[in-house]
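This report concerns only the one structure given below.
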Amino acid sequence: MNAGPEISQAFVVCVSAMFTQNILLTYFLGLCPFLGVSREVKTSMGLGLAVIFVLTSTCMLNWLTYHYVLVPLGLEFFRFILFIIIIAAFVQLVEMVLDRYSPFLYQKLGVFLPLITVNCAILGASLFMVIRDYSFIVTIGYGFGSGLGWFLAIIAMAGIRQKLANERIPQGLQGPGITLIIAGLMALAFMGFSGVLQGT
Amino acid sequence: MNGSRTDSRKLIVEGLWHNNPIFRQVLGICSTLAVTNLVLNTVVMCVALIFTLSLSACTVSILRTLTPRNIRMMVETLIIAFYVIIVDVLLKAYWPEMSGNLGPYVGLIITNCIVMGRCEAYGNSNPPVRALMDGLFNALGYSFVLLIIATFREILGMGTFLGISMPYFGGPRWDKWIIMVMPPGAFFMLGIVTWVFRSIEIRMENKNK
């Protein structure tokens, strides 16, 4: 088995998931925590890191379950339930492990972990990887790239919102309104990256 | 009897306006915003959401005395997933093109925060019929805002409505705003719609004072 082209494909998928096909700004996944938690850079950083980790790992786990359990049994329609159970169980497990072995990390990321189970970006990435028929190596690249893209977007948004705190915004536009318009501008900016991957 | 009637009126007004899922609670926009570039897709998605939200709120409410408190979230998720699978299987069987268009977004109704939010906030502590009403009108309040967004996006971006060419916007004199059918357009539209509705609300509140 020759893994060379697969690894380079994984790299391309990773970069495109980060920028041109950003899971948040192009597919609108994980929008609720994005609007709710992006008030401060510090908390966004914690949530972002937790998302990168959980997204990459659950994508891999879900790929393995889908291809080695569900497909042989012909139970593909069952994937929604199985994926969400795997995600919830994984998050719970990570929380327990962190609590036991690394109080420092637990303090940093612990509060965000329960939030992640209902983050649609996690389930969305798993469903996309099934629909697009990625191989295992490509799935790793895709999961990591999507997580990193989400992380970048929420950090940038938190930075902008901290600056906005002292600005005068029309009353009706405060809160979600202005955040959505900023997200639109950010989506435009991220679309500018589409030239990067033209050659491939 | 009179009491229950004012009760249901209150549920309707709350779901459609005062507590509207989109511009008040700002919940559950993730999975549906993506399909608002065409009105038809939005309609199908909204019907799926109305079905899932009202029935799962009702089911959660029926099972509320039987569910142990600490695994409540998991049970709710499974109930929601059950209804979503029904929708997905039906769509795949009878309308494969639409199922392809919507891609993973039907499945993502499971993690749509508004479904979980209503089950948790209302279904969990109220009788089945009222939970059903609450779910139904929240879903309707959600759908009407999304349909406004989809209408604007399709007309401005493609010059069509439900695939039919519109008189002025479909013609050569209208330079199509392609950006409206692309992702940034959805963010802008939702931002503007939120702004308009909130301003109306603030104005109404000031008048009442």
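What you see below is based on every heavy atom in this structure, not just the backbone, and it leaves out hydrogens, waters and symmetry mates. Per chain, numbering begins at 1; letters A, B, ... match sequence-line order.
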Note to self: Could you walk me through whether W95(B) and V44(B) satisfy the side-chain contact (heavy atoms from CB on, under 4.5 Å) test, starting with their C-alpha distance in whole Å, then the side-chain angles of each, then the deciding distance to 0.1 Å, before giving a yes or no?
What the structure shows: CA-CA 11 Å; W95(B) 203 352; V44(B) 175; 3.6 Å; yes

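- No donor-acceptor contact under 3.5 angstrom links the side chains of S16(A) and Y142(A), judged on distance only.
- Heavy-atom pairs under 4.5 Å with chain A were tallied for A186(B), S199(B), G107(B); the largest tally goes to G107(B).
- For I200(B), no part lies near chain A; criterion is any non-hydrogen pair under 4.5 Å.
- Aromatic ring orientation, Y27(A) versus F128(A): tilted (interplanar angle from 30° to 60°).
- Here the side chain of S61(B) pairs a donor or acceptor atom with the backbone of N126(B) at under 3.5 angstrom.
- Using a 4.5 Å cut-off between heavy atoms, L190(B) contacts chain A through both its backbone and its side chain.
- Close approach to chain B, defined as a heavy atom under 4.5 Å from one of its heavy atoms, is seen in P176(A), G177(A), L180(A), I181(A), A183(A), G184(A) of residues 176-184 of chain A, taken by number.
- The closest donor-acceptor contact from the side chain of R118(B) to the backbone of G135(B) lies at 3.5 Å or more, if one exists at all.
- One finds a salt bridge joining D88(B) and K92(B) here, because a Lys/Arg side-chain nitrogen approaches an Asp/Glu carboxylate oxygen to under 4.0 Å.
- Of the listed residues L31(A), V130(A), I81(A), I85(A), the one with more heavy-atom pairs under 4.5 angstrom with chain B than any other is L31(A).
- Using bins of under 30°, 30° to 60° and over 60° for the plane-to-plane angle, the ring pair Y68(A)/W63(A) lands in the perpendicular bin.
- Interface residue I131(A): only side-chain heavy atoms are found under 4.5 Å from chain B.
- Checking side-chain atoms of T56(A) against main-chain N and O of G147(A) turns up no donor-acceptor pair under 3.5 Å.
- Heavy atoms closer than 4.5 Å to chain A are found in the side chain of M182(B), but not in its backbone.
- Using the six-membered ring where Trp is involved, F28(A) and F187(B) have ring planes that are tilted, between 30° and 60° apart.
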